[in-house]
2 protein chains.
Amino acid sequence: MSDTAASIMLVDDHPLLRKGLKQLISLEDGLEVVAECSNGADALVRAEELDPDLIILDLNMQGMDGLETLKRMRDNGVTSRIVMLTVSDADEDVVTAITNGADGYLLKDMDPELLLEQIQRAVDGKMVLSEAITEVLATALRRPSAPTASKLDGLTNREREILELIAKGMSNKVIARELDISDGTVKVHVKHLLKKLGLRSRVEAAVWMVNQDT
Amino acid sequence: MSDTAASIMLVDDHPLLRKGLKQLISLEDGLEVVAECSNGADALVRAEELDPDLIILDLNMQGMDGLETLKRMRDNGVTSRIVMLTVSDADEDVVTAITNGADGYLLKDMDPELLLEQIQRAVDGKMVLSEAITEVLATALRRPSAPTASKLDGLTNREREILELIAKGMSNKVIARELDISDGTVKVHVKHLLKKLGLRSRVEAAVWMVNQDT
DNA sequence: GTAAAACTACCCCTTTTGGGTTAGATTGCG
DNA sequence: CGCAATCTAACCCAAAAGGGGTAGTTTTAC
């Protein structure tokens with residue numbers, strides 16, 4: 001390959017995990033961690049700045065989550081290979097991650113040696129997926145209709161945001177102040193999300209939503 | 001303290017995190033990781049076998065979880081100091097962990113230096129709690145009363161009944177048909193139960209109720 | 001580039017909700 | 001028995017919610 005070590009950037013809000021990962025990577029000649037970020041926003045800046053060969057991105061981060069970070073990176077024209085790293089063993093996020101431009105999806109509880117191997121493969125330009133994940137992907141692709149299709153996906157960001165506030169019991173007026181838009185606009189969004197969800201009132205929406213993330 | 005290093009056992013199903021933690025601990029003179037376990041069952045055996053000075057126990061493990069492992073260890077007569085390590089930032093598990101004999105409760109996203117410091121303190125026999133956790137504990141201990149004293153008890157049967165229907169998303173009219181009374185009467189009950197619960201809308205009531213029987 | 005979608009905001013209107021009051025019927029308790 | 005609480009129901013009224021429309025701006029997609 002090249003004569004210089006491949007540059008890797010780590011993005012994870014757990015310092016411990018970064019430490020472990022960094023140490024693991026340092027064991028391998030030809031791989032070098034050039035940056036560590038603890039959040040998505042920081043990662044966006046550093047990614048453009050450094051243009052690393054590989055970005056290892058935690059999926060479950062506070063603030064901007066991994067998927068959002070991934071999406072924005074690709075929007076910003078980041079061409080680095082990006083591998084998602086996550087705790088969850090069987091997640092619907094796999095599909096989203098892949099379609100949003102991820103080059104791999106690995107699990108944190110993998111065997112370190114295997115993980116290192118996969119990282120190396122990712123650097124080499126291959127797509128890497130945990131075994132548990134390939135099944136999820138397979139089944140997801142097997143039924144293109146509605147495996148992961150929560151009704152939530154039919155909503156726009158704003159609608160989803162407002163739905164969450166409704167699920168906290170807020171009125172349109174309060175939501176309007178919260179989001180700094182007019183309450184008339186909030187009503188529009190509520191109207192739309194109710195229609196999309198096939199519900200007849202904000203109470204139904206609230207109940208549905210609260211039961212949703214159970 | 002003693003002239004030999006304190007023995008520490010790590011229990012976590014994420015190899016990477018164990019690696020990071022082990023490396024972190026190795027930085028400190030006087031601390032030594034003598035065992036690593038990836039699951040609770042294994043941990044039970046090794047704990048009795050080794051009787052380490054400190055056991056760092058992951059709360060969120062597959063199979064036997066951290067709390068169960070903790071409980072069984074104490075049942076088995078393990079006297080090692082045990083510190084729980086977890087991802088969750090504000091968990092009700094804190095109380096359970098402490099009452100079940102944990103000597104500390106730390107968060108995985110703590111600053112490594114601070115974490116190391118806390119581990120040292122745990123070895124020294126002190127109880128260690130993350131800052132975010134102390135608040136949870138405090139509030140939990142502040143109201144040891146109210147075990148059965150739910151606000152629900154302040155409601156009449158009819159009001160409670162109607163509240164439950166509201167929590168299903170029903171409108172006053174639907175509830176009226178359901179209970180075979182006039183919708184005007186339903187409004188009266190709703191009015192009263194809102195006042196008793198200190199809520200401002202049926203949406204708040206619905207959300208409160210749904211979260212109640214969680 | 002254009003086209004589509006999303007977000008914003010207003011208009012109209014009806015229905016629903018919440019709060020206040022009064023009041024009859026029923027039930028439970030001392 | 002009387003009295004309090006509950007359940008029922010009606011009245012009025014203001015506020016909120018929901019459904020329809022139009023329309024301008026921005027973002028996104030192709």
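Here the structure is a predicted model, which is why all the values come from computation and not from measurement.
Spacing between atom CG of A/Leu193 and atom P of C/dA6 amounts to 13 Å, rounded to whole angstrom units. One can place CG of B/Leu165 at 17 Å from C1' of C/dT16, the figure rounded to the nearest angstrom. Put simply, CG on A/Asn157 is 19 Å from P on D/dT26, counting in whole angstrom units. Taking atom NZ of B/Lys196 as the reference point, atom C1' of C/dG19 lies 16 Å away to the nearest angstrom. In this structure, the CG atom of A/Leu179 is 11 Å from the P atom of C/dA9, given to the nearest Å. The separation between A/Lys173 atom NZ and D/dA15 atom C1' is 7 Å, rounded to whole Å. As rounded to whole Å, 15 Å separates atom C1' of C/dT15 from atom CZ of A/Arg202. For A/His192 and D/dT22, the NE2 to C1' distance is 12 Å, given to the nearest whole Å.
The B/Ser171 side chain lies nearest to C/dT17 when the options are D/dG19, C/dG18, C/dT17. Distance from the side chain of A/His189 is smallest for C/dC7 among the nucleotides C/dA9, C/dC7, D/dC7. Looking at the side chain of B/Lys191, the nearest of the listed nucleotides D/dG20, C/dT21, C/dC7 is C/dT21. The listed nucleotides are D/dG18, C/dT8, D/dT8; the one nearest the side chain of B/Thr185 is D/dT8. The A/Arg158 side chain lies nearest to C/dT8 when the options are C/dT8, D/dG18, D/dC7. Comparing D/dA9, C/dG18, D/dT6 by their nearest atom to the side chain of B/Thr156 picks out D/dT6. Picking from C/dT17, D/dT6, D/dA10 the nucleotide with the shortest atom distance to the side chain of B/Ser182 gives D/dA10. The B/Lys195 side chain lies nearest to C/dG20 when the options are C/dC7, D/dA10, C/dG20.
Checked options A/Val128, A/Asp124, A/Leu54; the residue passing with A/Arg81 is A/Leu54 (criterion: side-chain contact (heavy atoms from CB on, under 4.5 Å)).
OP1 or OP2 of C/dT17 lies within a sub-4.0 Å distance of a side-chain N or O belonging to B/Asn172.
Backbone-only engagement by B/Val190 is indicated by non-hydrogen atom pairs under 4.0 Å involving sugar-phosphate atoms exclusively. The residue A/Asp183 sits apart from the nucleic acid: no heavy atom pair falls under 4.0 Å. Contact annotation for A/Lys187: base contact, defined as any heavy-atom pair under 4.0 Å involving a base atom.
The shortest distance between side-chain heavy atoms of A/Val207 and A/Glu204 does not fall below 4.5 Å.
If you take CG on A/Asn172 and CD1 on A/Ile162, they are separated by 8.0 Å, rounding to the nearest 0.5 Å.
A donor-acceptor pair under 3.5 Å links the side-chain atoms of A/Asp103 to the main chain of A/Ile82, judged by distance alone.
Looking at B/Lys108 and B/Asp12, a side-chain N of the basic residue comes within less than 4.0 Å of a carboxylate O on the acidic one, giving a salt bridge.
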